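Computed from a predicted model, the values in this text were never measured in an experiment. Quick note: numbers below take in every heavy atom, side chains included, and nothing from hydrogens, waters or symmetry partners.
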Amino acid sequence: MSGSRAARLSALKGQIAALEAGTRTLSPVLPFGDARIDGCFPHGGLPLGRWHEVGGEGLETETAACAAGFTALMVGALARKGEVVWVLRRDDLHAPGLSNLGFPVDRLIQVCVRDEAEALAALEDALGSVGVVAAVGEVEAPDLRAGRRLQLACERRGATGFVIRRKPFGGPARGKAEPSGSASATRWRIGPAPTEAAAWGLGPARWRVALERSRGGRPGEWLLQQREDEDAAHPFAVVSELADHHLAPEERRRA
């Protein structure tokens, strides 16, 4: 099935779901082009005009490298329609790396802030600005009040927000150890995954992805990799796990 046909089918599923739910307006979505993922959302794709939480575990809570790469690949599909604002707590976003992920860096606006409060304020302002299609902010733990303000900012002009959960300078977590997710449309946990060797070096980037929460939908887990075709309608491809389940974990790694 071609990418354009898959996108049309995903949009049609969203329209049918909206009609069945009795909604007057159809929520725009960003489909992944794979029923195993799109089926976890109530309208057949990542809901736009909302905000989403993306984070990791272990050292990822400080570096947020996997979460940033996954988010950049997802936001890259939106950046073709407008500007993207990235609110940083540390000035360590590598633009050439984003370009390798297919992100149009000429649409990127970087804003470096001093603390959590400034990050939330800048993210809220960006989501409500003219011409901004998406905004990404590095935030440790948005509370319920901050989450509601972000959602109101998304609704102001239809922009989509992404909160990357990050403790940029390490140390103990501030407030609750677990993200609340009370106002976000989805909550994701992203981890690294080994890539396959290629003749010219490493293969496409891979992530272990867990959709922990989907408002009105259901959770799921997948091994995803970046599509090598730059003109592909969807940036991710689902990778099948190793079929030799009878092997011990160490033997599977050697295989």
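The CG atom of L150 sits 6.5 Å away from atom CD of E124, with the distance rounded to the nearest 0.5 Å. Taking CZ from F236 and CD from Q226, the interatomic distance works out to 8.5 Å, rounded to the nearest 0.5 Å. Summarising the geometry, atom CZ belonging to R149 is positioned 12.0 Å from atom CG belonging to L127; distances are rounded to the nearest 0.5 Å. Interatomic distance, W222 CH2 to R208 CZ, rounded to the nearest 0.5 Å: 13.5 Å. One distance of note links CZ of R156 with CG of D125; it measures 8.0 Å at 0.5 Å rounding. Once rounded to the nearest 0.5 Å, the distance linking CG of L48 with CG of L30 reads 5.5 Å.
With a 4.5 Å cut-off on side-chain heavy atoms, L144 and R148 count as touching. You'll find the side chain of T61 stays beyond 4.5 Å of the side chain of R165, heavy atoms only. Counting heavy atoms from C-beta outward, P42 and S214 have side chains that approach closer than 4.5 Å. Using a 4.5 Å heavy-atom cutoff, the side chains of V84 and L78 are not in contact. A heavy-atom distance below 4.5 Å is not found between the side chains of V133 and T160. When side chains are defined from C-beta on, F32 does not count as touching C40, because their heavy atoms never get closer than 4.5 Å.
A distance-only check finds a donor-acceptor pair linking the side chain of R157 to the backbone of G128 [under 3.5 Å]. Remark: side-chain polar atoms of E60 are not paired, donor with acceptor, to backbone N or O of I190 under 3.5 angstrom. Put simply, the side chain of R189 never gets that close to the backbone of E212: no donor and acceptor are under 3.5 Å apart. In this structure, the side chain of W51 engages the main chain of G147 through a donor-acceptor pair within 3.5 Å. With hydrogens and angles ignored, the 3.5 Å screen pairs no side-chain donor or acceptor of R50 with any backbone N or O of Q151.
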Contacts table for residues 92-104: side-chain donor-acceptor under 3.5 angstrom, sequence neighbours left out:
residue : atom : partner : partner atom : Å
D92     : OD1  : R166    : NH1          : 3.4
D92     : OD2  : R166    : NH2          : 2.6

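The minimum heavy-atom distance linking A67 with I164 is given by the pair CB-CG2, 4.0 Å. R213 approaches S184 most closely through the heavy-atom pair NH1-O, 2.6 Å. In plain terms, the two heavy atoms of V136 and V75 that are nearest each other are CG2-CG2, 4.2 Å. Closest approach of Q110 to L88, counting heavy atoms only: OE1-CD1, 3.3 Å. Nearest heavy-atom pair across F41 and L46 is CD1-N, 3.9 Å. When every heavy atom of W207 is checked against every heavy atom of L223, the shortest pair comes out as O-CD1, 3.4 Å.
Screening residues 124-165 for ring pair (Phe, Tyr, Trp, His ring centres under 6.0 Å), with sequence neighbours left out, gives H52-F162.
Around CZ of R90, the count of heavy atoms belonging to other residues, nucleotides or ligands within 6.0 Å exceeds 12.
Comment: D34 engages R36 in a salt bridge, judged by a side-chain N to carboxylate O separation of less than 4.0 angstrom. Electrostatic pairing of E196 and R206 counts as a salt bridge here, judged by a charged N lying under 4.0 Å from a carboxylate O. Using a 4.0 Å cut-off between charged side-chain N and carboxylate O, E138 and R89 make no salt bridge.
The same ILVMFWY cluster, assembled from side-chain heavy atoms under 4.5 Å apart, contains both I109 and V132.
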Working for side chain to side chain contact (heavy atoms under 4.5 Å, CB included), residues V209 and I37: CA-CA 11 Å; V209 176; I37 306 177; over 6 Å; no
